[in-house]
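Encoded as structure tokens, the structure appears first; notes follow it.
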Amino acid sequence: MDGTTDASPSSKLHTRLRLWEFPDSYIFEPIDGLADLYLSVSRTSGTMNLVQDLPSRGSTTKYKVQTVYGVIGVLKLAVGSYFVVVTDRDCVGSYFGHAIFKVTGLKVLPCKNAHNTTSAEQKKMETEFSELLDAAERTVGLHFSYDINLTLSAQRLHDLGDEYKALPLWRQAEPRFLWNAYLLEPLIENKLNQYLLPVIQGSFQNIQAEVGSEKVNVTLIARRCTRRIGTRMWRRGADAEGYAANFVESEQIMQSKGFTASYVQVRGSMPFLWEQIVDLTYKPSFDIVRQEEAPRVLERHFHDLQKKYGAVLAADLVNTGGGEGRLRERYAKSIEPILSEDIRYVHFDFHRVCGHIHFERLSQLYDQIKDYLQKHKYFLVNDKGEKIEEQTGTVRTNCIDCLDRTNVTQSMIGRNILESQLQRIGVFGAGDTISKHAAFDTNYKVLWANHGDAISIQYSGTPALKGDFVRYGKRTTEGILNDLKNALGRYYFNNFADGTKQDAMDLLQGHYMTSVSRDMAVPTKAGLLDSYASFRLAFALVMGALMFMMMSLRQARNDVRHLLLSLLWAGLCIGITQFVKANGRTFTNRPRFHKSRH
């Protein structure tokens, strides 16, 4: 770090900062009483210094002042650095007595020299990256705590030694779930421990209920893995390292009568190489990539799960037939060599058994996995903090998106686990269920519905389908209509918006780096069609041709030439439509940095 003043040895994170925006620098002034030093950042070079005083402010000095609640990190691009700060936050509950905040406002602070002599190609790329930074400011589902490690489950937190707990929060964090790991690197290099705010992406929900004279607190946390983070259609399957798309850890925590219980389950795309590239059709075809590698990738994925969770039961909810059926066959065949007492595979054709309305038939799946759940238990500590039970295995659930069918199934598992925990500590009697307590039942359904919506919005852009069953316990006409609206919304986002969103995610995660200190490969030039293909342009041409065709048809009765013209316009409409259909992938909003894995 530049300058002569060392960073404070304190690891207590700053909770409130006054941001001064001067013409040549940004100054972060701690206003929480934790330190007397200011963090000064150059607006031209991005260099950081701890200083003792604010710059002198004359009557002609121009500056802006606002309160911020943390620094997410620093993104280094080819011609400058960008500081990402939290401008708004909401307290959404507490985790073992520590406040948890949801980010509701982000701001990107550019640090770049307007006269920097970079190449024209780099400047062009920087302009394009500015669009991605705008998308980055709209990132949803970010949560953090100033005091506790939110990346670890209750069981893993309990098992940590005192020496480990004394480390700064960013050092304690589980790398898979640390959303801003890449952005924190410049702050770590400058030893700015009090500014290193660990952030997760997911959700944090909490409800309270009364059962007789006892109070029950239930918390539901989603932690999204960043290894293969992305959008619905541009991140499917697993990568060569075994990291699965849309991999989310869901932890349900119950506190009552001094006891604390927790259960962790996970979801994730089928863990082998497959993709489903958008091409303007409603349901693009599934494509299994390098089938011979599927067993190796899948084994690597499950080996990693075993190291972190113990035993694993894979609940596969996809259809038996059609395109989903081909994926199921590949999954079942590839996992067969590693099946054992600690790795089980259960296929349950959700749509065939439950249809669109009979989700209560999920009890058939529960009957198949009940023995596994009872064997591997859940985490439980008493009022003295002593561990009574330990969770030794998890359930890994998937459908195609790992959103809608998956959330319905996970909520069913979570409900049964919670009921057994409440019976164990004496809040429920034998045979008592959540559904027998109306207020508790209603709030619990909403808890899981909100959980599913949050995960779905981050991956697909819309709330979860089938959410009315999770929320109300039954399918409703309004819910079916909402599913139709959300399905159309997903089609739009997948085809016309998610490419840019995917690039923004990759940029923030360091999956595509443009730092001046690293080799920067300039993307190859696009072909003529790639450069000018636009669905909006094609749609406008088709609409224009239709309009001229209708005008010509009106005049056809007076002049036969207009009939010929109308046929010409009709042919143009059909030709453009067929051309767009044949080149559907080209006319979608594709990630700039995405490459097919063929």
Side-chain angles (χ1 to χ4, degrees), residues 90-100 102 143 145 148 150 152-158 202-223 249-265 362-363 366 370 373-374 376-391 394-395 407-454 467 469-473:
D90 285 338
C91 184
V92 292
S94 65
Y95 189 47
F96 297 110
H98 300 285
I100 303 301
K102 179 179 180 179
H143 294 75
S145 171
I148 193 169
L150 196 54
L152 295 183
S153 66
Q155 181 167 302
R156 293 189 66 187
L157 278 174
H158 181 273
S203 73
F204 188 97
Q205 316 280 339
N206 181 272
I207 62 169
Q208 291 83 35
E210 291 188 3
V211 179
S213 60
E214 302 294 342
K215 292 184 178 181
V216 179
N217 185 296
V218 182
T219 299
L220 191 55
I221 306 173
R223 304 178 179 98
E249 178 183 280
S250 295
E251 181 181 20
Q252 179 178 273
I253 301 169
M254 181 277 298
Q255 293 173 300
S256 184
K257 295 179 66 175
F259 290 87
T260 296
S262 161
Y263 188 76
V264 172
Q265 51 186 320
L362 268 174
S363 59
Y366 182 73
K370 184 177 180 179
L373 297 175
Q374 291 175 341
H376 293 287
K377 302 184 176 64
Y378 45 77
F379 173 65
L380 178 66
V381 296
N382 60 20
D383 55 357
K384 298 178 182 178
E386 300 167 336
K387 182 165 37 174
I388 302 173
E389 294 284 5
E390 182 176 18
Q391 182 178 345
T394 191
V395 177
N407 203 62
V408 174
T409 303
Q410 285 197 333
S411 69
M412 177 271 293
I413 295 172
R415 175 180 287 258
N416 281 279
I417 291 292
L418 180 57
E419 288 172 348
S420 65
Q421 292 168 344
L422 291 172
Q423 290 168 7
R424 172 71 182 272
I425 66 174
V427 174
F428 275 2
D432 203 359
T433 63
I434 296 173
S435 59
K436 292 181 180 179
H437 304 269
F440 191 4
D441 186 48
T442 297
N443 290 335
Y444 186 75
K445 289 172 182 174
V446 172
L447 179 76
W448 269 98
N450 291 341
H451 182 78
D453 284 347
F469 180 81
V470 180
R471 196 175 296 272
Y472 305 117

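Basis for what follows: all heavy atoms, side chains included, without hydrogens, waters or symmetry-related copies. Small disclaimer: the values here were computed from a predicted structure and weren't measured. Index from 1, following the sequence.
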Verdict with reasoning, Ser262 to Glu251, per side-chain hydrogen bond (donor to acceptor under 3.5 Å, both in side chains) = CA-CA 7 Å; Ser262 161; Glu251 181 181 20; 2.6 Å; yes

I'd like to know if the side chain of [X] and the backbone of [Y] have a donor-acceptor N/O pair within less than 3.5 Å.
X	Y	value
Glu210	Lys215	no
Asn407	Trp448	yes
Glu249	Ala222	no
Gln391	His376	no
Arg223	Leu150	yes
Asn382	Lys384	yes
Thr219	Ile253	no

Report yes or no: do Gln265 and Thr394 form a side-chain donor-acceptor pair below 3.5 Å?
-> no

At their closest point, which heavy atom of [X] faces which heavy atom of [Y], and how far apart are they?
X	Y	answer
Ile100	Ser145	CD1-CB, 3.6 Å
Phe428	Thr433	CE2-C, 3.6 Å
Leu447	Asn206	CD1-N, 3.8 Å
Ser203	Ala454	CB-CB, 3.6 Å
His143	Gly202	CE1-O, 3.6 Å
Glu389	Tyr378	CB-O, 3.2 Å

Would you mind reporting whether [Y] and [X] have side-chain heavy atoms less than 4.5 Å apart?
X	Y	value
Val427	Lys257	yes
Ile221	Tyr95	yes
Asn217	Met254	no
Ser256	Gln421	no
Ile413	Tyr263	yes

For Lys387, does the NZ atom have more than 12 heavy-atom neighbours from other residues, nucleotides or ligands under 6.0 Å away?
-> yes

What residues, two or more places apart in sequence or in another chain, satisfy side chain to side chain donor-acceptor pair (under 3.5 Å) together with Ser250?
-> His451

Establish, yes or no, whether a centroid distance under 6.0 Å links the rings of His437 and Tyr444.
-> no

